[in-house]
Amino acid sequence: MVQICMSLALADFYATRSSHSARISLHFRDSQGDDVLAASAAIDLLKNVKVQAILGPQMATQADFVIDLGEKVKVPILSPATSPSLSPNQSEYFIRVAYSASAQVKGIAAIVKAFDWREVMFVYEDSDFGRGVLPHLTDAMMDVGVSVAYRCVLPPYAEDEQILMELYKLMTMQTRVFVVHLQQTTGSRFFQKVKDEGMMSEGYVWMITDTFTSHLSSMDPSEIDDIQGVIGVKPYLQRVKNFTTKYTRKFHEENPETDRVEGLDVFGLWAYDSTTALATAFETVDTSHQGFEPAVSGESLSDLDAIGTSQLGPSLLKPIRNIKLNGLSGQFHIVNGELQPSVFQIVNVLGGEKGVGFWTEEYGISKKLKHSSPRGVYTANKDDLGAIIWPGDSHIVPKGWETPTNGKKKLRVGVPVKGGLEQFVKVTQDTQTNRVTATGFCIEVFEEVIKNLPFAAPFDYVPFPIPGNQNLPDYDALVSQVLLGTVDVVVGDVTILANRSESVEFTLPFTESGVITVVPVRKDRRRSAWIFLRPLRTELWVTTGAFFVFIGSVIWVLEHHINKEFQGPPHKQFGMIFWFSFSTLVYAHREKVISNLSRFVIIVWVFVVLVLTSSYTASLTSMLTVQQLQPTITNLTDIIKNQEPVGYQEGSFVTGLLKFMHLESSKFRNYSTLEEYDEALTKGSQNGGVSAIVDELPYMRLFLAKYCGKYTMVGPTYKTAGFGFAFPKGSPLVPDVSRAILSVMESESMVRITDKWFRNETNCSEQDVTLLASDSLALDSFKGIFLIAGVVALSALLIFFFNFLNQNKDILASGDHTTWQKVCALARAFCEVNVVLPEVTEKSGEDNEEVLPMATTYDVNSPSRQQTSIAQSLAVFTCDEGLITTEPPSPLQDTMSGTEDAAEER
């Protein structure tokens, strides 16, 4: 086929260039698939024929030596070798005239991604052809989140027994998506065995790479029948009907004894375009010097040394390494010695090859070459492909994963075996048959999820003991069995944790989450004689009392010198300070205040008292009516601080949480049943029990339902992700099981399962499991109003003292006295009493007092009183312990007011 295409290329090229004297002459050699013969043929062409360029070979092992040979003698090697292990960057005389196998890997990964397959297996040849593409294919799968479960390696010329041995391995594995990268000869025998072993049936996915797919047109019908339903990727070829007719005619001319025509494929078209490109390059160089220069050493140690170096090769190299033409295969564009890929076609083998779509690196998957999406928008959607018939003549898209149906393997489900809380998991084993039976809420949810999977997944339970001793295996050890390969999945009351998810992959949770603390309900304190003190915390009581004294002192300072109610002996004045402020609690004070500053302070203080009394009343009422809801301890932090014993469920991760909170390990107490929880809490920490139980929310709700009203939950709640099923990392089951969990949780099945195992939980009032905080009022809630009252009182004092200093500025201004004397004088001035006289009234009742017609203020103790004109006096006052009395004045002559003696006598 290649030989005919090359001959037709030269005939077509020179048909329009008859005037050209220099023409390419073809010399063919057949390596017969042997690497040594290929090397010998290349040396023969170079040494004896003196060729200026070599087209071929295709096999990577043969091309590798020929490329090195061309580098030595400076002759261009145009090879259709597809292995990425050969690169034009490593040898400038190597020009790849076929697509590199690495160009198709993103297209294969896009198909896998489009059908949402999570895991694949590779089948490839153990040669440069196979190994070269493997890293690129693996990276492409990782980029789309697909893992490689297994790599099946076959020798280049594998025997049937070797193929069958690998197929048996594949049959026992769960992945059903295979990517096959084999040469046509080996690939045909491989798929024959695949069909014989029943692996070309419904549920399987087989994909072949471009090398195999490109040769479909030249394969026998029996070989095509072995690969019905296979998906292939190959370079897209334009319709070349006219050339096909010409090719068929030429084939019959050269092979008249053969009835069957060798199918024309992309390698034939690449050979045609390569020959045309080479002829075009020759047109640009001077072909007058086509000889070989002898080796510099002058000695011929081998045939290679005798060849020398080509004179034409270096000048021919530049135009051929970068050339672009519109060939039979499409855009034939070589850049730096590498043929640039354009479009790949996705085909479905169904009696022949049927195109179902296209893939380009720029747009992704599409049904047509003309893209309707904006430039650069990459898509990988199965809806962009045509209808595909899968192996087994199935129209249903395979899931890509299933439990082997040959009876050799079932899903191994690890379940915990423990002594209590059987509502969640209970495992029993028949001693005679060793049959393992599992029941409980978690088990029934798992079995319901398996029923909702779109494929069958038979399983067997594998028990794993969870002892109560801290030094023995726990749930972490159970989860690690997945990593070790002992089990395929762990099912039970297994909490999803960050450290566990590093080694396994969890499904979505199927229970509520959180770790809480349960403590006994406090004994009824309504009978306590001191319950009236509990509404307020100690710091609030102290602050309130201090403010009562402070406000009383402020009012006394403001009223002492002008209000007779705040005057008198020291014991009376001290009593007034306490009496007046505390009487505001019941608004029972009868003393009137005169100063506006005092009135302003009292208004604010009465508001503070109103808030305090209202809050106190509400808190006390709550304590007397709902006292049964109060826990003995309000916070786990208090337990940690006091290093009190704490209980937890055996095997639980809660120990790690308590250690992180700095609780000593000696304070840990592990239990396995709800009855043990109750017994430990009833005893208390003083009698060998515990102060609290720390466990996950599902367990604690069950515990509180059983002992309703006896215990309660307290904060805080430490968040967790809930219970989930653990699978190996990258397991394709995880997304399917997670979707099935969502389906079960949204259905009536979850309600039925919950009612079956936790029917009694709803009998307990929700109030009994309310998270409770402290029952006493704290100072923080009243800092604002105390701050306001304090600022107002201090402001009033400042205003008063500024006014007082202003009134006595003559004392401060005196220069004849020391500072201490001035302070003493100010103190005496503050202690002076100024009174306000009420109007005179008729004597009545027992009071028997008269009041002057107008109110006049006198300073009784001031020395200036003696300088007051007696004639201007309205009354003579006598002071008896601060009480002021009046006597009617006698008639006086105005002249008598002149003498001090008369004034004193009067």
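Values below: all heavy atoms of this structure, side chains included; hydrogens, waters and symmetry mates excluded. A quick note: this is a predicted structure, and the numbers were derived from the prediction, not measured.
Within the 4.5 Å cutoff, the side chain of Pro735 has heavy atoms near those of the Arg118 side chain.
Side-chain polar atoms of Tyr157 and Gln183 form no donor-acceptor pair below 3.5 angstrom. Under the 3.5 Å distance criterion, with hydrogens and angles disregarded, no donor-acceptor pair is assigned to the side chains of Ser731 and Glu505. Remark: the Asp128 side chain and the Ser83 side chain contain no N/O donor-acceptor pair separated by less than 3.5 Å. A side-chain donor from one of Ser329 and Asp273 sits under 3.5 Å from a side-chain acceptor of the other. Judged by distance alone, the side chains of Thr360 and Glu362 never bring a donor and an acceptor atom under 3.5 Å apart. Side-chain contact of Ser91 with Glu71: a donor-acceptor pair under 3.5 Å is present, judged by distance alone.
For NZ of Lys234, the number of neighbouring non-hydrogen atoms (other residues, nucleotides, ligands) closer than 6.0 Å is greater than 12. Heavy-atom contacts from other residues, nucleotides or ligands closer than 6.0 Å to CD of Gln162 number more than 12. A 6.0 Å sphere centred on NZ of Lys193 holds more than 12 heavy atoms belonging to other residues, nucleotides or ligands. Residue Lys729 places its NZ atom among more than 12 non-hydrogen atoms of other residues, nucleotides or ligands, all under 6.0 Å distant.
Distance check: Leu55 CG to Ser274 OG gives 6.0 Å after rounding to the nearest 0.5 Å. For the atom pair CG of Leu316 and CZ of Arg321, the computed distance is 12.0 Å after rounding to the nearest 0.5 Å. How far CD of Glu119 is from CE of Met173: 10.0 Å, rounded to the nearest 0.5 Å.
Ring centers of Phe243 and Tyr272: under 6.0 Å apart, within the cut-off. Trp270 has its ring centre less than 6.0 Å from the ring centre of Tyr99. Checked against the 6.0 Å centroid criterion, the rings of His215 and Phe267 qualify as a close aromatic pair. Checked against the 6.0 Å centroid criterion, the rings of Phe344 and Tyr236 do not qualify as a close aromatic pair. Phe191 and Trp206 have their aromatic ring centers within a separation under 6.0 angstrom.
Under the 4.0 Å criterion applied to side-chain N and carboxylate O atoms, Lys382 and Asp116 are not assigned as salt-bridge partners.
Not a single side-chain hydrogen bond (donor to acceptor under 3.5 Å, both in side chains) links Tyr93 to another residue, sequence neighbours left out.
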Take Asp226 and Gln192 through the side-chain hydrogen bond (donor to acceptor under 3.5 Å, both in side chains) test and state the conclusion after the steps. CA-CA 6 Å; Asp226 291 335; Gln192 181 182 359; 5.5 Å; no

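Between Phe178 and Tyr204, the two ring planes are parallel [angle under 30°; tilted spans 30° to 60°].
A cation-pi geometry, defined here as NZ or CZ lying under 6.0 Å from the six-membered ring centre and within 45° of its normal, does not hold between Lys324 and Phe332.
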